[in-house]
2 protein chains.
Amino acid sequence: MSTPRRVRADARRNSDALLEAATEVFATAGVDAPVRDVAARAGVGVGTVYRHYPKRSDLVAAVFRHQVDACADAAPPLAAAYGPAEALDRWLARFVDFLATKRGLAAALHSGDPAFDALPAYFDARFRPALTTLLDAAVAAGEVRDDVSATDLLHAVAHLCLPADGVGPDHARRMAAVLVDGLRR
Amino acid sequence: MSTPRRVRADARRNSDALLEAATEVFATAGVDAPVRDVAARAGVGVGTVYRHYPKRSDLVAAVFRHQVDACADAAPPLAAAYGPAEALDRWLARFVDFLATKRGLAAALHSGDPAFDALPAYFDARFRPALTTLLDAAVAAGEVRDDVSATDLLHAVAHLCLPADGVGPDHARRMAAVLVDGLRR
DNA sequence: AGTGTTCCGGAAGCACGTTCCGCTTCCGCG
DNA sequence: CGCGGAAGCGGAACGTGCTTCCGGAACACT
């Protein structure tokens, strides 16, 4: 029942290379980029992609989770390096940048593919604690108002970043900045 | 430069049959239904589909425009048959039903396909005049408040109908009804 | 009816996701 | 160090869907 054998070194190396390659390819060519392109970029065959990620959507989901992690993990260092209000400010800016690269992904989330079913919960599980910590600290320091929850704030910013007709990505940044100003007391 | 020849009767018949078949197939199987299914339903070969609609997305766009027309054209009869407030009421209910069938289409609109580029403008060009007429009449009759524009109302209702996690289509209907109640003075 | 044009059907071509299996590489052991 | 077998790899092959192509049928005009 226990692990009878270690994971082979080349397998782990390829898995990591695939995640990195997929991140780059999806960023340049969109989430609809062919699996073969990802395989080529990672320097492996398509069979290897499917060994590690049985479905194309599993690969997309893995990239998404990886980016969620990177964004959520950015919170503690910011909290350590800056005052409560500025840390909150900087993290939200980071969060907006994260959202900015997710235009095509929102559509994928509602595509009904089971691989994406767990993502909204993962999103919440990683971001809510991260933001709650920053927000509580800022509230405790008396630097921001205390009647806005982390959930409220996440949803509000996410909605602000929804693509609307004829507005560029910097519109989202500006509106989010206005929102954050509104938090200050 | 003038029309050298009439359009062939079978060509027009096929074109119409395709639009109708596509409407039905997309309604049953979603906008991602195969082109072959549409061709089969219309009783023609796939070549004929591509003669009339060079790209798959052109067919989708044509169905969309056709439905926009049907909804917008419903306004004048309602205005003639009912009092200003009730006509407005009934037309907005019709509009909500129109939106309810567009879940998959919102994603397609943001897919970057050039065939969809003109659709938002068409949406506005058809719906704004239709709603403006109804709204102006109701305002003139003193039956609804005068500080909400047709554009505001269209956008508000459209946003209410956006799919949110775990809410059904009747949620949209209820929220829209609440909104309309708020219009009454 | 004759004739030149338009239109039709569906097979063929292509792109992409996914599967399959023979070959290679790595790990643990003697 | 060398060996055996399991784990992993590559990429040809398959299924499905969109799009193109062209020989022949259908149509409009005379």
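To find a chain, count down the sequence lines: A is the first, B the second, and so on, and within it residues start at 1.
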- prompt: OP1 or OP2 of C:dC8 less than 4.0 angstrom from a side-chain nitrogen or oxygen of B:H52, does that happen here?
  reply: yes
- request: To the nearest Å, give me how far apart CZ (A:R12) and P (C:dC26) are.
  value: 16 Å
query: Looking at C:dC27, C:dC7, C:dC8, which one has an atom nearest to any side-chain atom of B:V7?
result: C:dC7
Donor/acceptor link under 3.5 angstrom from B:R8 side chain onto base of D:dA26: yes
task: Sugar-phosphate atoms are those with a prime plus P, OP1 and OP2; base atoms are the rest. Using that split, label each nucleotide of nucleotides 16-21 of chain D B, S or - for protein heavy atoms under 4.0 Å, 5' to 3'.
output: -BBBB-
message: Treating B:H66 as the side-chain partner and B:A62 as the backbone partner, does any N or O pair qualify as donor plus acceptor under 3.5 Å?
response: no
task: Report yes if at least one side-chain N or O of A:N14 is closer than 4.0 Å to OP1 or OP2 of D:dG8; otherwise report no.
output: no
query: NA contact type, A:A39, heavy-atom cut-off 4.0 Å: base, sugar-phosphate, or nothing?
result: nothing
- request: Measure the shortest side-chain to side-chain distance between B:L131 and B:T151 over non-hydrogen atoms and say whether it is less than 4.5 angstrom.
  value: no
task: Measure the acute angle between the ring planes of B:F64 and B:F98, then classify it against the limits of 30° and 60° as parallel, tilted or perpendicular.
output: tilted
- prompt: Can you tell which of B:L179, B:V180, B:L134 makes a side-chain contact (heavy atoms from CB on, under 4.5 Å) with B:L153?
  reply: B:L179
query: Between the side chains of A:D113 and A:S57, is a donor N or O closer than 3.5 angstrom to an acceptor N or O?
result: yes
query: When rounded to the nearest 0.5 angstrom, what distance separates CG in A:L59 from CZ in A:F26?
result: 4.5 Å
task: Would you kindly give the CG-to-P distance between B:D10 and C:dT6, to the nearest whole Å?
output: 13 Å
